There are 2 protein chains.
Amino acid sequence: MKQQDVIAALGALAQDSRLEVFRLLVRTGKEGLAAGDIAQRLGIPASSLSFHLSQLHEAGLVSQRREGRSLIYSADYASMNALMAFLTENCCEGEGCEATAAPRTAGAC
Amino acid sequence: MKQQDVIAALGALAQDSRLEVFRLLVRTGKEGLAAGDIAQRLGIPASSLSFHLSQLHEAGLVSQRREGRSLIYSADYASMNALMAFLTENCCEGEGCEATAAPRTAGAC
DNA sequence: CGGATATTTCGATAAGTGTCGAAATGAAGC
DNA sequence: GCTTCATTTCGACACTTATCGAAATATCCG
């Protein structure tokens with residue numbers, strides 16, 4: 001994962017509605033949710049939600065499939081894992097995350 | 001860590017110069033680097049860097065201490081760990097991260 | 001085809017972000 | 001106290017982001 005992709009992903013998650021949407025999709029699992037469902041559950045106007053979903057999609061964090069009239073969105077776990085891997089690799093090493101700050105008794109991260 | 005803090009942290013990292021700065025500080029370790037050093041190493045004008053450092057600082061990702069005339073910045077590993085913990089908890093569970101997508105042979109995170 | 005439903009695109013607007021030179025602040029040393 | 005060095009604050013600018021109603025697009029069904 002290149003730094004530019006990481007920035008896109010971080011930027012996509014760095015917004016209230018979008019983080020909420022993503023968390024909802026993660027909780028929901030790979031079956032996903034229709035755009036309308038998400039809008040209703042989170043109380044976000046359709047056009048606003050559409051904007052946010054496209055941001056998440058461009059960042060590669062969610063995938064989209066059509067099912068009848070609905071577009072079903074679901075979290076892309078592979079991307080999220082790649083993001084976590086990058087952060088663990090590049091933002092937690094170098095005598096941080098391992099020894100400092102958190103004692104890390106077992107498998108804390 | 002509250003969702004608002006997470007958003008602040010993600011937003012702080014979601015920018016080229018800032019992610020670069022943060023990675024540099026993580027690599028450097030807790031002794032940290034003076035603002036001027038960072039500016040020189042990354043080729044960022046002092047005033048721009050100052051802006052970015054304050055964003056990182058507000059987000060709690062870096063800490064600041066004065067040493068003579070210089071301000072030394074260093075990565076706050078505890079905050080980063082808290083961020084990782086939130087993401088692992090809220091954005092990787094629910095049959096993702098564990099089983100799906102990445103096979104996770106061992107401790108891939 | 002025509003109507004109903006789900007979602008996106010458009011357009012306007014308000015607010016936030018990134019950039020960087022110039023001026024201001026803070027600390028140290030003579 | 002004056003000078004020097006390190007850094008921040010200010011101000012101006014261009015650019016991006018978030019918001020949401022109205023209109024357009026896509027799909028299904030009878």
Side-chain angles (χ1 to χ4, degrees), chain A residues 3-25 28 31-76, chain B residues 3-25 28 31-76:
Chain A
Q3 170 147 335
Q4 277 318 110
D5 303 326
V6 171
I7 288 172
L10 291 171
L13 293 176
Q15 207 276 342
D16 229 353
S17 304
R18 283 199 295 268
L19 185 53
E20 213 78 75
V21 167
F22 187 70
R23 290 179 60 186
L24 174 59
L25 291 177
T28 300
E31 65 271 25
L33 281 176
D37 279 4
I38 303 172
Q40 195 192 344
R41 291 199 202 203
L42 301 183
I44 301 173
S47 63
S48 299
L49 178 67
S50 183
F51 169 75
H52 291 308
L53 284 172
S54 80
Q55 302 261 302
L56 287 168
H57 189 237
E58 266 181 51
L61 288 167
V62 306
S63 47
Q64 193 186 45
R65 71 175 194 277
R66 184 171 278 282
E67 205 161 279
R69 270 174 272 207
S70 298
L71 280 171
I72 311 289
Y73 286 90
S74 54
D76 184 322
Chain B
Q3 170 146 334
Q4 277 319 108
D5 303 326
V6 170
I7 287 172
L10 291 171
L13 293 175
Q15 207 275 342
D16 228 354
S17 304
R18 283 198 297 266
L19 185 52
E20 213 75 77
V21 168
F22 187 69
R23 289 178 61 186
L24 174 59
L25 291 178
T28 300
E31 63 270 26
L33 282 175
D37 278 4
I38 303 172
Q40 195 192 343
R41 290 199 202 201
L42 300 182
I44 302 173
S47 63
S48 299
L49 178 67
S50 183
F51 170 75
H52 291 307
L53 284 171
S54 80
Q55 302 259 306
L56 287 167
H57 189 238
E58 265 182 51
L61 288 167
V62 306
S63 48
Q64 194 187 44
R65 72 176 192 277
R66 184 171 279 283
E67 205 160 278
R69 269 176 274 207
S70 299
L71 280 171
I72 311 289
Y73 286 89
S74 54
D76 184 324

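On a predicted model such as this, the values are computed, not experimentally measured, just so you know. We use all heavy atoms of the structure for the numbers below, so side chains are in, but hydrogens, waters and symmetry mates are not. Below, chains carry the letters A, B, ... as their sequence lines are ordered, and counting in each starts from 1.
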>> Run the salt bridge (charged side-chain N to carboxylate O under 4.0 Å, His left out) test on A:Arg18 and A:Glu20 for me, step by step, so that the C-alpha distance in whole Å, both residues' side-chain angles and the decisive distance to 0.1 Å come before the verdict.
In response: CA-CA 5 Å; A:Arg18 283 199 295 268; A:Glu20 213 78 75; over 6 Å; no
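Among B:Leu53, B:Leu61, B:Val62, the one residue that satisfies the side-chain contact (heavy atoms from CB on, under 4.5 Å) test with B:Val21 is B:Leu53.
Using a 4.0 Å heavy-atom criterion, one finds that B:Ala34 contacts the sugar-phosphate atoms exclusively. Within the nucleic acid shown, A:Ser70 comes within 4.0 Å of sugar-phosphate atoms alone, with no base atom in reach, counting heavy atoms only.
Between the side chain of B:Ser48 and the base of C:dG18 there is no donor-acceptor pair of N/O atoms closer than 3.5 Å. One can find a donor-acceptor pair under 3.5 Å joining the base of D:dT4 and the side-chain atoms of B:Arg69.
Residues B:Ala35 and A:Glu67 each lie close to DNA chain D; by heavy-atom proximity, the contact nearer the 5' end of the strand is made by B:Ala35. A residue-by-residue look at B:Arg18 and B:Ser47 shows that B:Arg18 has its nearest nucleotide of DNA chain C further toward the 5' end.
Distance B:Leu49 CG to C:dT19 C1': 12 Å, rounded to the nearest Å. Going from atom CG of B:Leu33 over to atom P of D:dA6 covers 15 Å, rounded to whole Å.
A sub-4.0 Å separation between OP1 or OP2 of D:dT17 and a side-chain N or O of A:His52 is absent. Under 4.0 angstrom from either OP1 or OP2 of C:dG18 there lies at least one side-chain N or O belonging to B:Gln55. For C:dG18, the OP1/OP2 oxygens have no side-chain nitrogen or oxygen of B:Ser17 closer than 4.0 Å. The phosphate of C:dT8 has neither OP1 nor OP2 within less than 4.0 Å of any side-chain N or O from A:Ser54. Proximity of A:Tyr73 to the phosphate of C:dT8: a side-chain N or O atom is located under 4.0 Å from OP1 or OP2.
Taking the side chain of A:Phe51 as heavy atoms from C-beta on, and the options D:dT7, C:dT8, D:dT19, the nearest nucleotide is D:dT19. Closest contact between the side chain of A:Gln15 and the listed nucleotides C:dT19, D:dA6, D:dA18 involves D:dA18. With C:dT8, D:dT8, D:dA18 as the choices, the nucleotide that has an atom nearest any side-chain atom of B:Leu71 turns out to be D:dT8.
Counting heavy atoms from C-beta outward, A:Leu33 and A:Tyr73 have side chains that stay 4.5 Å or more apart. In this structure, A:Gln15 and A:Ser17 have side chains that are in contact, with non-hydrogen atoms separated by less than 4.5 Å.
If you take CZ on A:Arg66 and CG on A:Leu71, they are separated by 4.0 Å, rounding to the nearest 0.5 Å.
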